[in-house]
Number of protein chains: 2
Amino acid sequence: MSKLAAQPLYRQVLREVMAAIEAGEWDEDESLPSETDLAKRFGVSQGTVRKALDALVADAVLYRRQGVGTFVAGTSDFLLRGLFTTPAGADGVKPSVELLSCVKIHAGEQLAEILGLRRAAALWQVRRLLRVGGQVIGLEEMLLPEANFPSLEMRRIRELKGNLRELCWRDFGVRLKDGQVRYRAVLAGQTEARLLMTDVNEPLLQLVRLAVDFEGRPQVWSVAWLRTEELAFEPPVLSPQV
Amino acid sequence: MSKLAAQPLYRQVLREVMAAIEAGEWDEDESLPSETDLAKRFGVSQGTVRKALDALVADAVLYRRQGVGTFVAGTSDFLLRGLFTTPAGADGVKPSVELLSCVKIHAGEQLAEILGLRRAAALWQVRRLLRVGGQVIGLEEMLLPEANFPSLEMRRIRELKGNLRELCWRDFGVRLKDGQVRYRAVLAGQTEARLLMTDVNEPLLQLVRLAVDFEGRPQVWSVAWLRTEELAFEPPVLSPQV
DNA sequence: AAGTGGTCTAGACCACGGA
DNA sequence: CCGTGGTCTAGACCACTTC
């Protein structure tokens, strides 16, 4: 591996590993070669491989089991990874997702700027419903540039049980990770109330997030409205205690 | 430094560094000795010191400036560190804090369990108001075990401009960091509406958090109610891209 | 016992920022 | 220029899991 590049070595190793994952060299939950073997393969030391893997573990691309190996992590959806816990605490429950609609729209000024597109650029607008045990608790609207995700078929989304993050990965090779997240409290309007099967003016937790790819480029904009009467939202903890 | 301890070496170094900070060896925004000097002092290698400092940087105890040094970070309050941004994005604004009240109460069953105390244990209940440019946008109630923070004087809190986290640090040597955080959307009740100088039934972002010390022990329980009509809440990002 | 992640060293060099 | 953080190596040993 060349030392001439502008990036540090472990960054290059990281990209090589990502490329290998993209190429399907190791399946989900399949173990990678050991750190020492990867070191030989890339012509670097074990410490450098480790630093690269550290970063991928922090981004939940990989996970490790001491004494066993390093494994490729699944791509659960962002909302599926956040825990929904009762206000008192304990028993986090994971929701399931149902696809509502998937249509093509134009970006408009604000979204174009956020996603770095032209104003007339085409976007997929995907609406999904979140359920916990049959109960509807959330509505999410995602916006994806058509240029990066050319053919989003509803059938395909349904096949993956509504998991758009997995679809972006499997069909378009884009591994998304969280960028910024913003929280607000809003009142349900008529549209939200109807889709969430609740009342107008119910308080909803609004979650606005920008997902980026592994080069940090903005990729997906999303807004979610969550009912939190019975279940509070708890964001996933990446890289817990060091 | 002994190799016999159950903990890895870099953990011991981390504790030594924390102890030195607690002892006031280096002031806020003052630079620590270089990594190589610290390595000599603790009798370990530079790489080990670095790993310890990495963890403290991730927890925002220290910050680094390449080519310059490693510095002790300030202890801004949790809410002061979260950004308040306009829904459209950009211009994050930091709020100031005003102390409302500070009284002693009994823990009760739930809080006792969360904080690992007896049910009759005494707690300080501190209420604070958050302002952005004169406008009241938040109300926070914190609960601190009296055993750990024996004398919480209102005067002292005011001296530190309402920054309870700094007080816990300066007066009691407890450096707090975020544990779990949970989000909900609720409607303002009469009490909240009065204190926030707004209307009943305004949607409020409710933020429930548990702060822990550096050994991971629960220390402070807090609930905040935030108005997010004009400003969204954006949690602080620790350890961004690796 | 063998193989994995996890830690640690001693020494080296690079990239950056301030004098 | 020097001193700082930031990276990297080759080799070693430990702790854990599995066989």
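Labels below follow one simple rule: chain letters A, B, ... track the order of the sequence lines, proteins then strands, and each chain is numbered from 1. Since this is a predicted model, take the numbers as computed values, not measurements.
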Worksheet item: Centre of B:Phe78's six-membered ring, under 6.0 Å away, within 45 degrees of the axis: is that where NZ or CZ of B:Arg165 sits?
Response: yes

Item to complete: Name the closest nucleotide to the B:Ser34 side chain, picking from C:dT7, C:dT4, D:dG5.
Response: D:dG5

Practice prompt. Would you mind telling me which of C:dG18, C:dT7, C:dT9 lies closest to the side-chain atoms of B:Val44?
Written response: C:dT9

[N], OP1 or OP2 - any side-chain N/O from [X] closer than 4.0 Å?
{"X": "B:Arg64", "N": "D:dG6", "answer": "yes"}
{"X": "A:Arg11", "N": "D:dT7", "answer": "no"}
{"X": "B:Thr48", "N": "C:dT9", "answer": "yes"}
{"X": "A:Thr70", "N": "C:dG5", "answer": "yes"}

Worksheet item: When all nucleic acid strands are considered with a 4.0 Å heavy-atom cut-off, which category describes A:Arg65: base, sugar-phosphate, or nothing?
Response: sugar-phosphate

Practice prompt. Mind checking B:Gln66 for me? I need base, sugar-phosphate or nothing, with any heavy atom below 4.0 Å counting as a touch.
Written response: base

For [X] and [N], what is the distance between atoms [atom1] and [atom2] respectively, to the nearest whole Å?
{"X": "A:Asp37", "N": "C:dA2", "atom1": "CG", "atom2": "P", "answer": "17 Å"}
{"X": "B:Tyr10", "N": "C:dT9", "atom1": "OH", "atom2": "P", "answer": "13 Å"}
{"X": "B:Phe42", "N": "C:dT9", "atom1": "CZ", "atom2": "C1'", "answer": "17 Å"}
{"X": "A:Leu62", "N": "C:dG5", "atom1": "CG", "atom2": "P", "answer": "11 Å"}
{"X": "A:Lys51", "N": "C:dT7", "atom1": "NZ", "atom2": "P", "answer": "14 Å"}
{"X": "B:Gln46", "N": "D:dG3", "atom1": "CD", "atom2": "P", "answer": "16 Å"}
{"X": "A:Lys40", "N": "C:dT4", "atom1": "NZ", "atom2": "C1'", "answer": "13 Å"}
{"X": "B:Glu35", "N": "C:dA12", "atom1": "CD", "atom2": "P", "answer": "18 Å"}

Practice prompt. By nearest nucleotide on DNA chain D, pick out whichever of A:Val68 and B:Pro33 is the more 5' one.
Written response: B:Pro33

Discussion item. Can you give me the closest heavy-atom contact between B:Arg175 and B:Phe214, atom names plus distance?
Written reply: O-CD1, 3.1 Å

Discussion item. In terms of relative ring orientation, are A:Phe149 and A:Phe172 parallel, tilted or perpendicular, with 30° and 60° separating the classes?
Written reply: perpendicular

Discussion item. Would you compute the distance between atom CZ of A:Arg128 and atom CE of A:Met142 and round it to the nearest 0.5 angstrom?
Written reply: 5.0 Å

Worksheet item: Does the side chain of A:Glu140 come within less than 4.5 Å of A:Val223's, by heavy atoms?
Response: no

